[in-house]
Protein chains: 2
Amino acid sequence: MYQPKMEKDIRCPLECGLEVCGGKWKSRIICVLAEKSTLRYSALRKEMTNITDAVLAAALKELIKDEMVERTQYNEIPPRVEYRLSGKGNSVIPILQSICKWSGAYHREDHANTLLQCQKCDFLYR
Amino acid sequence: MYQPKMEKDIRCPLECGLEVCGGKWKSRIICVLAEKSTLRYSALRKEMTNITDAVLAAALKELIKDEMVERTQYNEIPPRVEYRLSGKGNSVIPILQSICKWSGAYHREDHANTLLQCQKCDFLYR
DNA sequence: CAGTATCCTATTAGATACTG
DNA sequence: CAGTATCTAATAGGATACTG
């Protein structure tokens, strides 16, 4: 997962852009890092609630490869690793905000309940 | 495909928003409809190059369900069906444009070649 | 603590044949 | 023409056990 065996189709900037935030976990990770600034691996996993290590580690590798997230490793015992958004990662936040507002506008009535139950992107409204 | 058997997780507006444009084909369909305004089923399939009917029909159903696309059926023989963006569908175009520009800015040097090979979202720059 | 390695399931996408 | 029905392949995501 996150390591396709076959070469992907040629993508345009739009599809590349959608992809770096796509999938089940990447937008959530970007949101919590945007809000909390810096998080250790274990804190990030706790924020994600129910993610497994295999999946979190794979998502983080993707985000690092796409230069959305930076990883800092401190050579201490026990080990400490911190994750934060890169410049590129921070620069996508206004776009996520506009998606949030656009999408929210079309869900006011029918899915209000759904929208209230996930708090990850709440800070995007503030 | 596009008809999950299990209930999806609760999503926030951000994730809902990303989803209506996500997957391999939906952003492409939105782009060609934005550019060409109205297209028949067969014209749409031709624009997509290499999509199969099963996949195109499923993607269109999703887009219609999400109220991004409107379908008009003319009861003629042979049958004629036209697809066009809804108000909601049109209102997402500026956002796709901002994703395009953001993503393109970070790919100027390294992936220039990749970016030149898909023309679907070219009009978003104009 | 911060991950890997392995195996498995669910979902998405594609190929092909057929139809009102 | 505009799809549907089936079957298969590829990929994303998850469970569990283990490690420097």
Side-chain angles (χ1 to χ4, degrees), chain A residues 1-11 15 18-29 33 38-66 69-84, chain B residues 1-11 15 18-29 33 38-66 69-84:
Chain A
M1 146 206 203
Y2 288 108
Q3 295 111 328
K5 274 138 203 154
M6 297 182 59
E7 211 50 58
K8 293 224 170 176
D9 293 2
I10 299 302
R11 300 294 179 100
E15 290 173 2
L18 286 168
E19 210 172 73
V20 299
C21 307
K24 180 164 177 180
W25 297 105
K26 289 193 287 183
S27 66
R28 297 183 192 188
I29 293 170
L33 287 179
T38 299
L39 286 175
R40 299 181 61 159
Y41 180 86
S42 53
L44 203 40
R45 186 179 47 204
K46 195 168 187 183
E47 289 286 336
M48 292 299 107
T49 55
N50 279 340
I51 200 170
T52 61
D53 284 317
V55 171
L56 176 56
L60 286 170
K61 271 187 182 154
E62 270 275 290
L63 287 165
I64 289 164
K65 187 206 75 199
D66 291 332
V69 166
E70 287 163 1
R71 177 184 185 275
T72 310
Q73 178 173 346
Y74 299 89
N75 290 314
E76 306 169 354
I77 294 180
R80 179 159 61 104
V81 175
E82 290 182 347
Y83 293 91
R84 61 199 333 271
Chain B
M1 150 204 201
Y2 289 110
Q3 294 111 329
K5 272 137 205 154
M6 296 182 60
E7 211 50 57
K8 293 224 170 175
D9 292 2
I10 300 302
R11 300 293 179 99
E15 290 172 2
L18 287 168
E19 209 172 71
V20 300
C21 307
K24 179 164 178 180
W25 297 104
K26 290 193 286 185
S27 66
R28 298 184 192 188
I29 293 170
L33 288 179
T38 299
L39 286 175
R40 300 180 62 157
Y41 180 85
S42 52
L44 203 39
R45 187 180 45 205
K46 194 167 187 185
E47 289 286 336
M48 293 298 108
T49 58
N50 280 340
I51 200 171
T52 61
D53 284 318
V55 170
L56 176 56
L60 286 170
K61 271 186 183 157
E62 270 275 290
L63 286 164
I64 289 163
K65 189 207 74 199
D66 290 333
V69 166
E70 287 164 3
R71 176 184 186 277
T72 311
Q73 178 174 345
Y74 299 89
N75 290 315
E76 307 169 351
I77 293 179
R80 179 159 61 105
V81 176
E82 289 181 348
Y83 294 91
R84 60 197 335 272

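Since this is a predicted model, take the numbers as computed values, not measurements. Below, chain A is the first sequence line, B the second, and so on; all start at residue 1.
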Need one value for B/Arg45: base, sugar-phosphate or nothing, where a base atom within 4.0 Å counts as base even if backbone is also close, heavy atoms only.
nothing
B/Glu62 to B/Lys26 - nearest heavy-atom pair and separation:
OE1-NZ, 3.1 Å
Return the stems involving DNA chain D, sorted by first number, where pairs are Watson-Crick (N1-N3 with N6-O4 or O6-N4) or G-U wobble (N1-O2 and O6-N3), both under 3.5 Å, and runs are 3 or more long.
C:1-20 with D:1-20
Minimum side-chain heavy-atom gap A/Leu44-A/Ile51 below 4.5 Å
no
Can you list everything that forms a salt bridge (Lys or Arg N to Asp or Glu O under 4.0 Å) with A/Arg80? Sequence neighbours excluded, please.
A/Glu76, A/Glu82
Between atom CG in A/Leu44 and atom P in C/dG3, what is the gap in whole Å?
10 Å
Counting only heavy atoms and a strict 4.0 angstrom limit, can you tell me which residues of residues 72-80 of chain A come near DNA chain C?
A/Pro78, A/Pro79, A/Arg80
Name all residues meeting the side-chain hydrogen bond (donor to acceptor under 3.5 Å, both in side chains) criterion together with A/Arg84; count only those two or more places apart in sequence or in a different chain, and write none if there are none.
A/Thr38
Sequence neighbours excluded, which residues qualify as side-chain contact (heavy atoms from CB on, under 4.5 Å) partners of A/Val20?
A/Asp66, A/Met68, B/Trp102
Given side chains that start at C-beta, do those of A/Leu63 and A/Leu33 come closer than 4.5 Å, heavy atoms only?
no
Between A/Trp25 and A/Ala59, the two heavy atoms sitting closest are CB-CB, 4.5 Å
Do you know which two heavy atoms are closest between B/Leu18 and A/Ser27, and how far apart they sit?
CD1-CB, 3.7 Å
For D/dC1, does OP1 or OP2 lie under 4.0 Å from any side-chain N or O of B/Tyr83?
no
Nearest-Å distance, CD (B/Glu82) to C1' (D/dC1)?
13 Å
Can you tell me the distance, in whole Å, between the NZ atom of A/Lys46 and the P atom of C/dC1?
11 Å
Between A/Ser42 and C/dA2, does any side-chain N or O lie under 4.0 Å from OP1 or OP2?
yes
A/Lys26 NZ to D/dG13 P, straight-line distance once rounded to whole Å
8 Å
Nearest whole angstrom, please: distance from the C1' of D/dA12 to the CH2 of A/Trp25.
12 Å
For the pair made of CD1 in A/Ile51 and P in D/dA12, what is the distance, rounded to whole Å?
15 Å
The nucleotide from D/dA2, C/dG14, D/dG13 with an atom nearest the side chain of A/Lys24 is D/dG13
OP1, OP2 of D/dA2 versus side-chain N and O of B/Arg40: anything below 4.0 Å?
yes
Within the sub-3.5 Å range, which N or O atoms of nucleotides 4-6 of chain D have a protein N or O partner, and how far apart are they?
from: D/dT4; atom 1: OP1; to: B/Lys61; atom 2: NZ; distance (Å): 2.9

For A/Arg28 and A/Met48, which heavy atoms make the closest approach, and how far apart are they?
O-CE, 3.7 Å
Find the distance B/Arg28:CZ to C/dA13:C1' and express it as a whole number of Å.
12 Å
Looking at C/dG3, D/dC1, C/dA15, which one has an atom nearest to any side-chain atom of B/Thr52?
C/dA15
B/Leu60 CG to D/dA2 P: how many Å, rounded?
11 Å
Does the side chain of B/Leu60 come within less than 4.5 Å of B/Arg71's, by heavy atoms?
no
Closest of D/dC1, C/dA15, D/dG3 to the B/Val81 side chain is D/dG3
